[in-house]
Amino acid sequence: MTIFHFELCRNGERIGPTETRDCPDCGMAFRAARDMIRSLREEDCLPNGAREHTLRVSYVDHSLLFDLPFDLRI
């Protein structure tokens, strides 16, 4: 398993705590990020909508894997 960090960001700046998860590969980290975004959108807990929000996913050394926008609608 690989450790990934998931960070909610707004306009490129991290907001809130970092969540750490073990995922078997990058594809599963993508699926976990997609599910987290869906959950946050359904809870409607994002101030000012989702347009400027992303979910940044990085490796344990904090090197960026991807930055997934909330308005991608995946």
Side-chain angles (χ1 to χ4, degrees):
M1 295 283 244
T2 304
I3 296 174
F4 295 95
H5 295 292
F6 297 81
E7 301 172 311
L8 178 60
C9 298
R10 180 172 180 221
N11 295 324
E13 298 294 322
R14 184 174 59 86
I15 56 174
T18 299
E19 184 172 328
T20 303
R21 292 189 183 188
D22 286 333
C23 298
D25 56 38
C26 296
M28 291 304 290
F30 176 85
R31 289 182 185 103
R34 182 189 61 199
D35 292 344
M36 291 171 77
I37 288 172
R38 281 184 185 153
S39 178
L40 288 167
R41 279 197 311 222
E42 287 172 1
E43 292 172 8
D44 197 31
C45 62
L46 298 175
N48 303 322
R51 177 171 288 160
E52 58 275 325
H53 288 84
T54 61
L55 190 65
R56 181 177 298 152
V57 180
S58 58
Y59 293 100
V60 70
D61 67 356
H62 297 284
S63 59
L64 181 65
L65 178 58
F66 55 82
D67 210 6
L68 198 58
F70 272 54
D71 61 356
L72 191 57
R73 298 289 181 199
I74 53 172

Q) Should His5 and Val60 be marked as a side-chain contact (heavy atoms from CB on, under 4.5 Å) after you check the CA-CA gap, both sets of side-chain angles, and the distance that decides it? A) CA-CA 6 Å; His5 295 292; Val60 70; 4.1 Å; yes
Identify the heavy atoms of [X] and [Y] that sit nearest to each other, and give their distance.
X: Gly12; Y: Arg56; answer: O-NH2, 2.9 Å
X: Met1; Y: Pro24; answer: SD-N, 3.6 Å
X: Phe6; Y: Ala29; answer: CE2-O, 3.5 Å

Taken in chain and number order and not counting sequence neighbours, the residues that satisfy side chain to side chain contact (heavy atoms under 4.5 Å, CB included) with Asp61 are Tyr59, Ser63
Those residues at least two apart in sequence (or on a different chain) that pass side chain to side chain contact (heavy atoms under 4.5 Å, CB included) with Arg31 are Met28, Arg34
Let me confirm one number: the [atom1]-[atom2] distance from [X] to [Y], rounded to the nearest 0.5 Å.
X: Leu65; Y: Ser58; atom1: CG; atom2: OG; result: 8.0 Å
X: Leu55; Y: Leu68; atom1: CG; atom2: CG; result: 6.5 Å
X: Glu52; Y: Asp71; atom1: CD; atom2: CG; result: 9.0 Å

Are Ile3 and Met36 linked, directly or through intermediate hydrophobic residues, by side-chain heavy-atom contacts shorter than 4.5 Å (ILVMFWY only)?
no
Set of side-chain hydrogen bond (donor to acceptor under 3.5 Å, both in side chains) partners for [X], sequence neighbours left out:
X: Thr2; answer: none
X: Asp67; answer: Thr54
X: Arg14; answer: none

